[in-house]
Amino acid sequence: MKKRSIIAVVLSVMLLFAFCGCGGGLTLESYFNDNPDQKAELLEAFEGSDDSGVINMSADISGNTLTVIGTYVDTYPEEVFGVMQEYFDENIDTYEDLINQEKEDLADATGVPKEDITVKVSYVNGDGTEIWSKSY
């Protein structure tokens, strides 16, 4: 009899998961897909070029990751990637407070827990090759 009760409980839990869609949960992507005006506003905030016109900025949302992308207008040879990567490694952490604030703002706006949100900063060559990236 006890074995039958355990099986019934396990089957009930499995049915509950099947009906409520557990496991999917709220993500940044699903939130912003359900709120297209807010998505457009967020992505628009990152669009444009830097003051020098050397880099075009954009953003993308996938799952719980907001990727901020700086794409160089020109294409640079791979031989200079090392110097560029070193520069980014030395300077990107000056933006860490700003990035953490963005994660907090996203969590507050969407209900997705801050610890589940990733902000990825990526710099891309003019030909689409990723030069450098870091996730927070």
Side-chain angles (χ1 to χ4, degrees):
M1 185 67 153
K2 189 174 186 175
K3 188 176 187 179
R4 197 177 310 192
S5 296
I6 291 172
I7 292 172
V9 169
V10 168
L11 288 174
S12 296
V13 170
M14 288 174 60
L15 282 172
L16 179 64
F17 285 153
F19 287 123
C20 73
C22 293
L26 180 66
T27 65
L28 291 178
E29 183 175 13
S30 65
Y31 175 85
F32 284 112
N33 286 342
D34 291 342
N35 298 279
D37 291 342
Q38 290 181 11
K39 180 179 183 178
E41 185 179 321
L42 175 69
L43 296 180
E44 192 175 290
F46 289 101
E47 287 182 6
S49 60
D50 66 344
D51 293 336
S52 66
V54 174
I55 298 174
N56 290 322
M57 299 301 296
S58 62
D60 183 50
I61 301 166
S62 178
N64 277 334
T65 302
L66 168 66
T67 304
V68 179
I69 307 158
T71 303
Y72 282 92
V73 174
D74 294 327
T75 299
Y76 295 95
E78 286 188 34
E79 294 80 34
V80 300
F81 284 12
V83 173
M84 297 168 90
Q85 293 163 347
E86 187 177 308
Y87 173 82
F88 294 132
D89 285 335
E90 291 174 0
N91 293 285
I92 194 66
D93 288 336
T94 60
Y95 297 100
E96 192 165 355
D97 289 340
L98 183 64
I99 291 167
N100 283 324
Q101 183 61 54
E102 184 64 35
K103 288 174 72 169
E104 276 184 39
D105 292 346
L106 286 168
D108 290 344
T110 64
V112 176
K114 179 182 174 185
E115 59 272 7
D116 292 348
I117 297 173
T118 300
V119 174
K120 179 181 176 184
V121 179
S122 178
Y123 283 92
V124 178
N125 207 4
D127 64 2
T129 306
E130 184 175 83
I131 298 171
W132 178 92
S133 68
K134 184 172 182 178
S135 294
Y136 294 85

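For clarity, every value in this text was computed on a predicted model and none was experimentally measured.
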Name every donor-acceptor pair, under 3.5 Å, that has one atom in a side chain of residues 107-120 and the other anywhere in the protein, sequence neighbours excluded.
| residue | atom | partner | partner atom | Å |
| --- | --- | --- | --- | --- |
| T110 | OG1 | L106 | O | 2.7 |
| T110 | OG1 | V112 | N | 3.1 |
| K114 | NZ | E104 | OE2 | 3.3 |

Please tabulate, for side-chain N and O atoms in residues 81-90, each donor-acceptor pair with protein atoms closer than 3.5 Å (sequence neighbours left out).
| residue | atom | partner | partner atom | Å |
| --- | --- | --- | --- | --- |
| Q85 | NE2 | I131 | O | 2.7 |
| D89 | OD1 | W132 | NE1 | 2.7 |

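Applying the side-chain hydrogen bond (donor to acceptor under 3.5 Å, both in side chains) test to E47 and every residue at least two apart in sequence or in another chain returns nothing. Not counting sequence neighbours, F32 has no partner by the ring pair (Phe, Tyr, Trp, His ring centres under 6.0 Å) test. In this structure M57 satisfies the side chain to side chain contact (heavy atoms under 4.5 Å, CB included) test together with I55, V68, sequence neighbours excluded. For S122, the side-chain hydrogen bond (donor to acceptor under 3.5 Å, both in side chains) criterion is met by E130, not counting sequence neighbours. Partners of Y72 under the ring pair (Phe, Tyr, Trp, His ring centres under 6.0 Å) rule, at least two apart in sequence or in another chain, are Y76. Remark: S30 pairs with L26, T27 by the side chain to side chain contact (heavy atoms under 4.5 Å, CB included) rule, at least two apart or across chains. The side-chain hydrogen bond (donor to acceptor under 3.5 Å, both in side chains) test applied to Y123 returns no partner, not counting sequence neighbours. In this view, T94 satisfies the side chain to side chain contact (heavy atoms under 4.5 Å, CB included) rule with no residue, not counting sequence neighbours. A search for side chain to side chain contact (heavy atoms under 4.5 Å, CB included) contacts involving E96 returns D93, N100, Y136, not counting sequence neighbours.
For the atom pair D37 CG and E41 CD, the distance stands at 8.5 Å (nearest 0.5 Å). In this structure, the separation between CG on L66 and CG on L42 is 5.5 Å, given to the nearest 0.5 Å.
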Report task. Output, in order, the C-alpha distance, side-chain angles, deciding distance and verdict of side-chain contact (heavy atoms from CB on, under 4.5 Å) for N35 and K39. Result -> CA-CA 6 Å; N35 298 279; K39 180 179 183 178; over 6 Å; no

Requested in this report: I would like to know whether T75 and N125 meet side-chain contact (heavy atoms from CB on, under 4.5 Å); could you show each step before the answer?
Outcome: CA-CA 5 Å; T75 299; N125 207 4; 3.6 Å; yes

**Report entry** side-chain hydrogen bond (donor to acceptor under 3.5 Å, both in side chains) evaluation trace for D105 with Q101
**Finding:** CA-CA 6 Å; D105 292 346; Q101 183 61 54; 2.8 Å; yes

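In the hydrophobic clustering, where aliphatic and aromatic side chains (Ile, Leu, Val, Met, Phe, Trp, Tyr) are joined below 4.5 Å either directly or transitively, V124 groups with I69.
No side-chain donor-acceptor contact under 3.5 Å links E29 to the backbone of S62.
A continuous path of ILVMFWY side-chain contacts below 4.5 Å connects F46 to V54, so both sit in one hydrophobic cluster.
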